[in-house]
Structure formats: structure tokens, C-alpha cells
J.: 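Before I ask anything, here is the structure I am working with.
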Amino acid sequence: MGTIKLIICKNENEISDLASKIIVDLVNNKKKSNLGLATGNSPIGTYKKIIEKYNNCEVCLKHVRTFNLDEYLDLKKDDFKNSYEYYMDENLFSKTDIRKKRTFFPTMLGNKPNNDYSKFEDKIKKYGKIDIQLLGLGTNGHIGFNEPGSAIDTRTRIVDLAQSTIDSNSRYFKSKEDVPKRAVSMGLGTILEAEKILLIAFGKEKSEAIKNFFSKEEFHEDLPMSALWNHKNVYIIIDEKAASKINKDKLSNFLIENE
Ligand code: GLP
């Protein structure tokens, strides 16, 4: 059984402060770090703060390698702005000294398009392992695009998106019809091989998944996030709203202070 450390922050800003500090500290200790990165709304503040620290010369990122969790498939040709590759360029890569050739997505290895997903996994292995994997959380409990029903040992593969994910992600698209129905995602097995995992989540929309996670302290396929019970070094960094439904008796077992 793994060890979960829960940190409850006041708000999104505090979450971003802490997550960015953990990532920057790692890179300052190991300049060739392997960073597992996520997309969505949740990590935007974390990336902003990493950019701030880079601009203040508090960190140099030119030797890091990045591995993104997932990418859409079947995006319309004129919809590149909804790709996670575009998101990462906009929200982090182009604003720091991260080198494009050291950025890896399941569908893009450096500058080369890829559709052999075992090669993406091989890249991770080539550089050792992911030092820190940053994760957001879907309202249905997904991590990456591992939807409910994903097995604990899944690897990077094509996945069908759950209807709830399509509905939730439609806010980023012109219409619901434009949301891809498929994606490529690191598997739960891939994610669990990271050295350390940081899951960040805020807002009451995430509170049900968080409550379910703490209600059963083991993996169950209907809540992909629960795979994290099988890992030894997980930080769950959430705000008070996302934490609001956790059974109070559970809190003291996992809660640690944000020093
Ligand atoms: C998408 C991504 C996930 C992300 C989730 C939550 O579905 N594939 O990796 O964690 O959205 O997104 P948000 O942070 O916008 O709530």
C-alpha cells in the first residue's frame, strides 16, 4: 500500500505556488530532470509561476526533458489551437528556455510526429524515469485521459473519451461536435512508474472524485485516480473546495502541513 500526502491550500494561487516550487527545486537539484506534464486549466497557474521564476533567473530549464500525459486525436485541421502541443507552447515552452527537441508527447517526439506509442515509452526509459509527474483531475476521476474502466497496468495507448469528458472539455471548442472522441494517453501503469506524483485540483467540481478517492483506500477501476494508492510518493495538493467532501475522520491520516 502506498503513502498519500494531502495538502489543503487556501486557493488556486497557493496550489500553484507550491507545485511550481516543488518542480523548480527538483530542476535546481537535477538540471537534466524528466518532467511529466499535464494540460487543462489546473496547471496554468503552476506554469505561470515557473515562467516567473525563470524570468527572475531562479531556474534554468534548458536541460530538462518533458513528457506530456496525453494528446487529442482527430482534431480538425484548423483546430491546432486546441491541441495540447499548442497549449504547452503557449503556456510554458515558448516562454522559457525549454528546448523543443527535448519535449515529448505520445504523438510528437521532439519535432517528429509519432504514432508508435511504444516509442514514447522507450523515450521515458531511455532517460531513466519521470522524476515528477504533474497531474490534473477530471471531474469523473480520470488522470491523463485514463477514463473509468482503465486497467491498473495500462500503457500509452489510444483511448475513447467518456461522454462526461467530451461534455466538460467542450468549453474549449467552438461546438460540442468539434471535441475529439479519441485521444492518446499515458496509461495508469506508465504514470505509476514516475518517481514522485503531484496531483493538483481545485474547485467544488472536483470534490466528489476527491471524496471517492479517500473513501476506499485501494484501486478500483471506476475511479482512475485511485491508481495512486499503488504508488509510494504522491502529493495531493487541493483547495478547500475540492477537499470539502472528504470524510473528516480520514483527513488526519493523510493531511500534512504546507511549510
Ligand atoms: C483533461 C486532461 C486531463 C486534465 C483534465 C482536467 O481531460 N486530459 O489531463 O487533468 O482535463 O482539466 P482541468 O484542469 O481543466 O479541470
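Numbering starts at 1 and runs along the sequence shown. Read the numbers this way: they start at 1 and go in the same order the structure lists the ligands and their atoms.
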J.: Check the side chains of Glu208 and Thr139 for a donor-acceptor pair under 3.5 angstrom, ignoring hydrogens and angles.
T.: no
J.: Give a yes/no on ligand 1: does Tyr172 have at least one heavy atom closer than 4.0 angstrom to it?
T.: yes
J.: Scan side-chain atoms only and decide if Asn140 and Glu147 contain a donor-acceptor pair under the 3.5 Å cut-off.
T.: yes
J.: Within the structure, is a non-hydrogen atom of Glu205 found at a distance of less than 4.0 Å from ligand 1?
T.: no
J.: When you measure from the heavy atoms of Met186 to every atom of ligand 1, does any distance fall below 4.0 Å?
T.: no
J.: Is it true that Asp160 and Lys181 make a salt bridge, defined as a side-chain N closer than 4.0 Å to a carboxylate O?
T.: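 Salt bridge absent between Asp160 and Lys181.
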J.: Give the numbers and elements of all ligand 1 atoms closer than 4.0 Å to a heavy atom of Gly40.
T.: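 Listed by number with element, the hits are 14 (O), 15 (O).
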J.: As an exercise, identify every atom of ligand 1 less than 4.0 angstrom from a heavy atom of Tyr84.
T.: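 Near Tyr84, the atoms of ligand 1 are 1 (C), 2 (C), 8 (N).
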J.: Among protein heavy atoms, which sits nearest to atom 5 (C) of ligand 1, and what does the distance come to when rounded to 0.1 Å?
T.: His142 NE2, 3.6 Å
J.: Under 4.0 Å between a Lys/Arg side-chain N and an Asp/Glu carboxylate O for Arg155 and Glu193?
T.: yes
J.: Would you call Asp239 and Lys206 a salt bridge, taking side-chain N to carboxylate O under 4.0 Å as the test?
T.: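 No.
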J.: In terms of residue, atom name and distance, what is the protein heavy atom nearest to atom 6 (C) of ligand 1?
T.: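 Going atom by atom, the protein heavy atom closest to atom 6 (C) of ligand 1 ends up being Leu137 O, 3.4 Å.
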J.: For atom 16 (O) of ligand 1, which of Glu71, Lys206, Arg171, Glu147 has the closest heavy atom?
T.: Lys206
J.: Show the atoms of ligand 1 that are less than 4.0 angstrom away from any heavy atom in Asn169.
T.: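 Checking each atom against Asn169, I get 1 (C), 7 (O).
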J.: What atoms in ligand 1 come closer than 4.0 Å to a heavy atom of Asp70?
T.: 2 (C), 8 (N), 9 (O)
J.: Below 4.0 angstrom from a heavy atom of Phe145, which ligand 1 atoms are there? Numbered from 1 as shown, please.
T.: 1 (C), 7 (O), 8 (N)
J.: Geometry only, no angles: is Thr39 polar-contacting ligand 1 at N/O separations under 3.5 Å?
T.: no
J.: Using a 4.0 Å cutoff against the non-hydrogen atoms of Asn41, which atoms of ligand 1 qualify?
T.: 13 (P), 14 (O), 15 (O)
J.: Any donor-acceptor pair under 3.5 Å linking the side-chain atoms of Asn28 with those of Asp25?
T.: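 Judged by distance alone, the side chains do not pair up.
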J.: Report yes or no: is the cationic atom of Lys250 (NZ for Lys, CZ for Arg) under 6.0 Å from the centre of the six-membered ring of Phe214, at an angle within 45° of the ring normal?
T.: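 No - Lys250 does not lie over the ring of Phe214 by the 6.0 Å and 45° rule.
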J.: Can you find a non-hydrogen atom of Gly144 under 4.0 Å from ligand 1?
T.: yes
J.: Going by atom types alone, do Asn146 and Arg157 pair a side-chain donor with an acceptor below 3.5 Å?
T.: yes
J.: Do the side-chain N and O atoms of Tyr72 and Asn169 include a donor-acceptor pair separated by under 3.5 angstrom?
T.: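 Yes - a donor-acceptor pair under 3.5 Å links their side chains.
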J.: Heavy-atom distance to atom 14 (O) of ligand 1: which of Ser42, Ser164, Gly136 wins?
T.: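 The option holding the nearest heavy atom is Ser42.
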J.: Just checking, any donor-acceptor pair under 3.5 angstrom between side chains of Lys241 and Asn11?
T.: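 The answer is no; no qualifying pair exists.
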